[in-house]
Amino acid sequence: MADLASKLGGDVAAIMVTNPNTCGLFERDILEISRLTHAAGAYFYCDGANFNAIVGRVRPGDLGVDAMHINLHKTFSTPHGGGGPGAGPVVLSEALAPFAPAPWVVHDADGYRLIEREEDEAAQAFGRLCAFQGQMGMYTRALSYMMSHGSDGLRQVAEDAVLNANYIKARLSDLMSAAFPDGPCMHEALFDDEWLKGTEVTTLDFAKAMIDEGFHPMTMYFPLVVHGAMLIEPTETESKQELDRFIHAMRALAEAAKAGDVDRFKGAPFHAPMKRLDETRAARSPVLRWTAPEGSNIAAE
Ligand SMILES: *Cc1c(COP(=O)(O)O)cnc(C)c1O
């Protein structure tokens, strides 16, 4: 906090905080952070990436947030990965709302109205969005998700997501090293690779062996501040039975690693059509069109 306070000054326009953060921890000093930020004449942007952990429980405005994007693909059920389509509506505090780009929707006695022009009610708008509708299908899906849950259901989403992550953390912490062992986590259980020391098995090897067990590996090596990170985010949708199946597989793998069964990991995945990919090359020189090898009828991956 002292470090933050020393950096806030006349040349700071805004700060950005992810809360809960990528280590699965809730920033408890958030009210003091927003107070200091506002006192310095700056605004507080919140990365809404981990809203899943607090949706229905906490109003970002009450934390002093001035602007936040809501990752619909993380909190509100729209598809994740595969390059889209995505949508991230941005919500603003009263202090910033007058500057929102037009058009926007208002609700008053006559029902809903669209404020279209940068005049009158939108005189301070900083411009006009040309693609206002965004990915319409994503909004429809998110709205359906919210309405099917209701406010009590959305609150339970956060509670179940956090409970599921803590269940995993509690059931694996005796074999694997939790990065932040003290106290509960939010909706992400984070382990480091301390527990793999001396086994020759790396986080990558472990993740590849999970594929052989039929599980999509968790996020690896992220966040960067945790060595060999394994970030497990079960979300609210997994049942206790499914969590137990996952925990059982993880425990069996962890015990195999500790017992020195290195081959099971170094050669993994054994049961996937593609083995270890050259991910750097895939990112640097993506092949975006599949062409059939001459005289072959092998299906595209
Ligand atoms: C997922 C994530 C992002 C990226 O958001 P996308 O909308 O998926 O691109 C940024 N920050 C954090 C902490 C995240 O978890």
Side-chain angles (χ1 to χ4, degrees), residues 4 14-30 33-34 37 43-58 60 63-92 100-101 129 131-143 145-146 154 157-158 160-166 168-169 178-180 184-192 203 207 216-238 279 282-284 286:
L4 173 73
I15 66 162
M16 183 176 108
V17 177
T18 307
N19 196 24
N21 68 18
T22 313
C23 294
L25 306 174
F26 187 81
E27 175 52 70
R28 289 172 184 272
D29 288 325
I30 195 76
I33 289 173
S34 62
T37 303
Y43 291 97
F44 174 16
Y45 190 98
C46 184
D47 175 355
N50 295 331
F51 197 40
N52 193 218
I54 56 173
V55 62
R57 300 276 321 198
V58 177
L63 302 179
V65 172
D66 294 296
M68 184 176 115
H69 67 269
I70 299 174
N71 307 50
L72 296 187
H73 52 285
K74 293 186 170 177
T75 310
F76 295 109
S77 163
T78 72
H80 201 170
V90 177
V91 292
L92 301 170
L129 285 179
F132 169 62
Q133 288 85 358
Q135 294 284 359
M136 191 59 206
M138 298 302 99
Y139 291 106
T140 309
R141 185 175 162 125
L143 182 63
Y145 180 80
M146 289 177 199
L154 286 177
V157 160
D160 288 353
V162 171
L163 181 63
N164 283 353
N166 277 284
I168 288 177
K169 185 181 179 195
F180 298 91
C185 57
M186 295 301 285
H187 70 308
E188 301 175 302
L190 179 60
F191 297 91
D192 59 26
T203 291
H216 191 292
M218 64 274 161
T219 300
M220 295 178 292
Y221 299 106
F222 186 80
L224 301 174
V225 291
V226 168
H227 200 271
M230 303 184 194
L231 184 63
I232 305 175
E233 182 178 346
T235 81
E236 73 282 3
T237 54
E238 302 303 336
E279 288 166 22
R284 295 268 161 83

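On a predicted model such as this, the values are computed, not experimentally measured, just so you know. Just so you know, residue 1 is the first one in the sequence shown, and it goes up from there. Values below: all heavy atoms of this structure, side chains included; hydrogens, waters and symmetry mates excluded. One-based numbering, in listed order, for ligands and for the atoms of each.
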Nearest heavy-atom pair of [X] and [Y]: which atoms, and what distance?
X      : Y      : result
Leu92  : Ala100 : CD1-CB, 3.5 Å
Leu190 : Thr22  : CD2-O, 4.5 Å
Met16  : Asp47  : CE-CB, 3.9 Å
His187 : Asn52  : CD2-OD1, 3.7 Å

Check: What protein heavy atom sits nearest atom 5 (O) of ligand 1, and how far away is it?
Finding: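 The protein heavy atom lying closest is Asn71 ND2, 3.2 Å.
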Next item on the list: Report the nearest protein non-hydrogen atom to atom 6 (P) of ligand 1: residue, atom name, distance rounded to 0.1 Å.
Entry: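 I find the closest protein heavy atom is His73 NE2, 3.5 Å.
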Notebook entry, point to check: Which of the numbered atoms in ligand 1 are below 4.0 angstrom from a heavy atom of Lys74?
Noted result: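 Matching atoms, with element in brackets: 1 (C), 2 (C), 3 (C), 4 (C), 5 (O), 8 (O), 14 (C), 15 (O).
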Checklist line | Thr22 neighbourhood, listing ligand 1 atoms whose heavy-atom distance to it stays under 4.0 Å | finding: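 Per the distance check, 13 (C).
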Check: Got an N/O contact under 3.5 Å between Thr18 and ligand 1?
Finding: no
Item checked: Any N/O pair Asp47/ligand 1 closer than 3.5 Å ->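 By distance alone, the answer is yes.
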Check: Is there at least one protein heavy-atom neighbour under 4.0 Å from atom 9 (O) of ligand 1?
Finding: no
Margin query: What verdict does the side chain to side chain donor-acceptor pair (under 3.5 Å) test give for Tyr45 and His69, after you've listed the backbone C-alpha separation in whole Å, the side-chain angles of each residue and the deciding distance to 0.1 Å?
Written below: CA-CA 9 Å; Tyr45 190 98; His69 67 269; 2.8 Å; yes
Next item on the list: Please round to the nearest 0.5 Å and tell me the distance separating atom CG of Asn21 and atom CE of Met186.
Entry: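 Answer rounded to 0.5 Å: 10.0 Å.
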